[in-house]
Amino acid sequence: MSRFYFLLLISGLLCTQAGLAIEPDDERILADLKNLTLAELGQVEIRLDETFDIFDGLVRAKKTAIATGTTQYADRAPAVTSVITAQDIEAMGARTLEDILQSVPGLQVSYNWYNIPIYSIRGISSVYNPEILVLLNGARMSDNYTGSKGVFWSGIPVSTISRVEVIRGPGSALYGADAFAGVINIVTKSGQEIDGTEAGFRIGNQNTQDIWLLHGHEWNGFELSAMLNFGNTDGHRRIVESDAQTYWDQVLDTNVSDAPGHYGSEITTYDARFDIAKDNWRLRAGVHKADDMGAGTGVAQALDDRQPMQDRKINAELIYNNQDLSENWGVKANFNYLHTARTAFFYAFPEGAFGGAYPIGYIGAPSNYSENSQLNLSAIYRGFKGHQIQLGAGYGYYDMYKVTATQNFGKNPFAEGRIPTTQLLDISDTPYLFISENARSSWFAFIQDSWAIDTNWELTTGLRYDRYSDFGSVFNPRLGLVWEADEDLIVKLLYGEAFRAPAFQELYTQNNPVTLGNPDLKPEKVKTWELVFNYSLHNDLNFALNLFRYDIEDKIAIVPFGGSEHGFGNEEKWRGMGGEFEMRWKTSSKSSLLFNYSYQSSKNKVTDLDLPSAPKQTAFARVDYLLGYKWYLDTQLNWNDGWTRPPNDYRADLDGYTTVDFVLRYKDIRKGKTNFAIGVKNLLDADVRYPSPEPDIGSTSVMIPNDLPGADRFYFLEFRYKF
């Protein structure tokens, strides 16, 4: 912890020194502009709105619609929310969504053993991360197989992102299933925001390249935008010292493991999007493709460079939004479509595995394809004095319509015995697939009332009913009381319930030697209380304190089925509590500081043991400062105190880490065209580690004893030009 405070002190000293670099002329320019409102700044010809927000935007409340479905200031929303804007993203030099999310209090980013990011909010997470609902422009991006953002999640290009909105806490009263621990909504840029053409590239070590082209303009009353992105990286080159094959080599007296070897974190992505809007209508669509995704330590925790994963997404959304349909009514309708295709070719174990029984390797090539469609209708009524009533209903259909597999293990569906280990056999459309093809439908209805009791009090109440074809119905209420105690202090008392729908893999997995599905699963449920204080000492200094407690029932976990079989059951109960402290301080007209600290204590109520899913303590600091009026310096620190181990894992607890990021950016704010930056991620090359899986049930052996290596030092050069 002392190291963290030392680095924070150094950042503060740098911030102070940066203030001395402002020349008198620059001081006058900034002083004049400081008196303008943010709306007025938007009209300034030199487009200072894009850069001034680095300082002002950290302190002033940002608008969001994620908490209630209608736009309002985040500090008055009946939820605990964070908003990270495109200006924040640019200032931080973020390359991925994970870079962005590290700044959110109470949210910890880690990775599982095959390099898929895990987002833990307030200690709630699991291997596939279905407890957090990820939205793209308000539309669900959930994968039917895992119920999460996807077993092969490959992100969204940050150059297309206008802002990221995050709810910490339950959101099912508004968003339905899987808005359990929180909601992450990624909002892409509109044509008005792009306003012209921007071309850019980023290059860095690890053979990293990102190239993008954005265009937005108005034509005959249409607002148009188009975005193209290409990304590639060989990934970090940290070493995995020992793997699952190392263990079997020791047991069987062989020597076929690829460890020590590199952790697989390479990826190549292609992304194309367009957005067309006119009057009350908007059409968005996008195609995202990820190839040659590295599989971390491998699907079976055994290294092999030949384990590429692929991720394909096609999404479309048609929206009609008229909030002034009449004096008292506003309406919104949207239809969302998402097609996903996930394929892989896993050398789960290398050639010669298991004493030579698998001379060509232990190979599996699974894939699954899904189509999801949703129709959502909502209306807002403002006819009752002091009330804004929101009504909504919708229908969804979720179809995992194609599952395929080719492998050289398991039962042979075409002959007696097992598949020969020396050949690959396509077992698609047979009963021996790892999961059966399935579909589910759902419909919902909700009502929400925001009641302005008087000028200082507002009460938001809501209730949503969801009915699913496979596991039944769920009610989820919410309550939010917001009190503006005085012009500087806002207090919130919040209560909400949420649920997580059992994923298809938890319901229908079959022919799996590790875990089997359970069609009788019930949804997980959580009840959460929150108390929030938001205090502004003056216009340039803001503090927030969020206290929370939650109780989870029917938590889905792997349990014995009898004999040697294991599967999914609603056996666990969790309880968590903690708090998040945030400070936003505009230290001068040239500099600002953002700091947050989070603490959570989560336990399994059945065993009374700490949960190993996330660090107890995390902290983040960001300092921005202006050199002259064209150079910006951003420093970030990210700290956590490590992970506890599960009760069946006899290793010592995993130490935490401190990383430091640094970005120096030149931006010609007068002409608004040239923008370039140099930066370093993990400046001190900290040895970042994430917990590897604990031993399987009934075993004491850890397959990756030295845990999963995180990214090493990464440096980059970025250039953008606005036409």
Side-chain angles (χ1 to χ4, degrees), residues 37-39 61-79 81 83 135 137-139 163 165 167 170-176 179 183 185 187 190 192 221-223 276-284 317-336 374-396 443-467 475-484 490 492-496:
T37 65
L38 288 181
K62 298 172 184 177
K63 289 187 175 182
T64 177
I66 195 172
T68 61
T70 58
T71 302
Q72 62 190 144
Y73 284 104
D75 60 354
R76 287 168 174 77
T81 61
V83 182
L135 308 173
N137 297 310
R163 64 186 182 277
E165 305 170 328
I167 286 180
S172 287
L174 197 60
Y175 295 102
V183 181
N185 184 32
V187 181
S190 65
Q192 188 176 28
F222 287 89
E223 181 187 354
I276 302 174
K278 182 176 173 60
D279 299 327
N280 300 315
W281 291 91
R282 183 178 294 274
L283 174 64
R284 296 189 183 102
E317 180 180 29
L318 179 63
I319 304 170
Y320 176 78
N321 187 3
N322 186 351
Q323 295 306 305
D324 299 307
L325 182 67
S326 68
E327 180 181 357
N328 294 323
W329 284 95
V331 297
K332 183 177 181 180
N334 62 292
F335 174 77
N336 305 315
Q374 285 186 303
L375 176 64
N376 302 313
L377 307 171
S378 64
I380 292 178
Y381 180 70
R382 300 178 289 265
F384 297 128
K385 184 178 179 181
H387 289 265
Q388 182 168 276
I389 300 174
Q390 190 172 359
L391 307 166
Y395 175 81
W443 65 270
F444 72 86
F446 77 89
I447 182 170
Q448 177 178 274
D449 177 37
S450 296
W451 175 25
I453 301 171
D454 61 27
T455 56
N456 297 322
W457 291 86
E458 183 168 320
L459 176 65
T460 299
T461 54
L463 179 66
R464 174 163 166 152
Y465 173 81
D466 287 84
R467 176 75 183 181
F475 280 99
N476 287 280
R478 74 177 299 189
L479 180 148
L481 182 62
V482 180
W483 174 37
E484 190 169 352
I490 296 173
K492 307 179 193 179
L493 178 63
L494 310 173
Y495 174 78

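Scope of the values below: all heavy atoms of this structure, side chains included, with no hydrogens, waters or symmetry mates. For the single chain, residues carry numbers from 1 onward in sequence order. Here the structure is a predicted model, which means the values were calculated and not measured.
Residues Ile490 and Val482 meet the side-chain proximity criterion, which asks for heavy atoms closer than 4.5 Å. The closest side-chain heavy-atom distance from Asp466 to Phe446 is not below 4.5 Å. Counting heavy atoms from C-beta on, the side chains of Val187 and Glu165 come closer than 4.5 Å.
Between the CD atom in Gln448 and the CG atom in Leu174 there is a gap of 5.5 Å [rounded to 0.5 Å]. In this structure, Arg284 CZ and Ile276 CD1 are separated by 12.0 Å, a value rounded to the nearest 0.5 Å. Atom CD of Gln374 sits about 8.5 Å away from atom CG of Asn334, to the nearest 0.5 Å. The CD atom of Glu458 sits 9.5 Å away from atom CG of Leu481, with the distance rounded to the nearest 0.5 Å. Note that CG of Asn328 and CD of Gln388 are 11.0 Å apart. Values are rounded to the nearest 0.5 Å. Note that OG1 of Thr81 is 7.5 Å distant from CD1 of Ile167, once rounded to the nearest 0.5 Å.
By the 6.0 Å contact criterion, CH2 on Trp443 is enclosed, its count of non-hydrogen atoms from other residues, nucleotides or ligands being greater than 12.
For Tyr395, there are no side-chain hydrogen bond (donor to acceptor under 3.5 Å, both in side chains) partners two or more places apart in sequence or in a different chain. With sequence neighbours left out, Asn280 forms a side chain to side chain contact (heavy atoms under 4.5 Å, CB included) with Tyr320, Asn322. Asn137 pairs by the side-chain hydrogen bond (donor to acceptor under 3.5 Å, both in side chains) definition with Thr188, not counting sequence neighbours. Partners of Asn321 according to the side-chain hydrogen bond (donor to acceptor under 3.5 Å, both in side chains) rule, which considers only residues two or more places apart in sequence or in another chain, are Gln323. With sequence neighbours excluded, the residues forming a ring pair (Phe, Tyr, Trp, His ring centres under 6.0 Å) with Tyr381 are Trp329, Phe384, listed by chain and number. Every residue two or more places apart in sequence or in another chain that forms a side-chain hydrogen bond (donor to acceptor under 3.5 Å, both in side chains) with Ser190 is listed here: Glu193, Glu223. In this structure Phe475 satisfies the ring pair (Phe, Tyr, Trp, His ring centres under 6.0 Å) test together with Tyr465, sequence neighbours excluded. A search for side chain to side chain contact (heavy atoms under 4.5 Å, CB included) contacts involving Ala173 returns Arg478, not counting sequence neighbours.
Here the closest heavy-atom approach between residue Glu484 and residue Thr455 is recorded as OE1-O, 4.2 Å. What you find for Tyr175 and Arg464 is that their closest heavy atoms are C-NH1, 3.6 Å. Scanning both residues, Asn185 and Gly138, for their nearest heavy atoms gives OD1-N, 2.9 Å. Of all heavy-atom pairs between Leu494 and Gly480, the closest is CD2-CA, 3.6 Å.
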Pair Thr460, Leu479 - check side-chain contact (heavy atoms from CB on, under 4.5 Å), show working. CA-CA 6 Å; Thr460 299; Leu479 180 148; over 6 Å; no
Where do Phe444 and Arg467 land on the side-chain contact (heavy atoms from CB on, under 4.5 Å) test, with the steps shown first? CA-CA 6 Å; Phe444 72 86; Arg467 176 75 183 181; over 6 Å; no
Between Ile319 and Lys332, does the side-chain contact (heavy atoms from CB on, under 4.5 Å) criterion hold? Intermediate values first, please. CA-CA 7 Å; Ile319 304 170; Lys332 183 177 181 180; 3.9 Å; yes
Determine whether Asn336 and Asn376 satisfy the following criterion, side-chain contact (heavy atoms from CB on, under 4.5 Å), listing intermediate values before the conclusion. CA-CA 8 Å; Asn336 305 315; Asn376 302 313; 3.6 Å; yes
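Not one N or O on the side chain of Asn476 forms a donor-acceptor pair closer than 3.5 Å with the backbone of Ser172. Of the possible donor and acceptor atoms, one in the side chain of Lys492 sits under 3.5 Å from a partner among the backbone N and O of Ala79.
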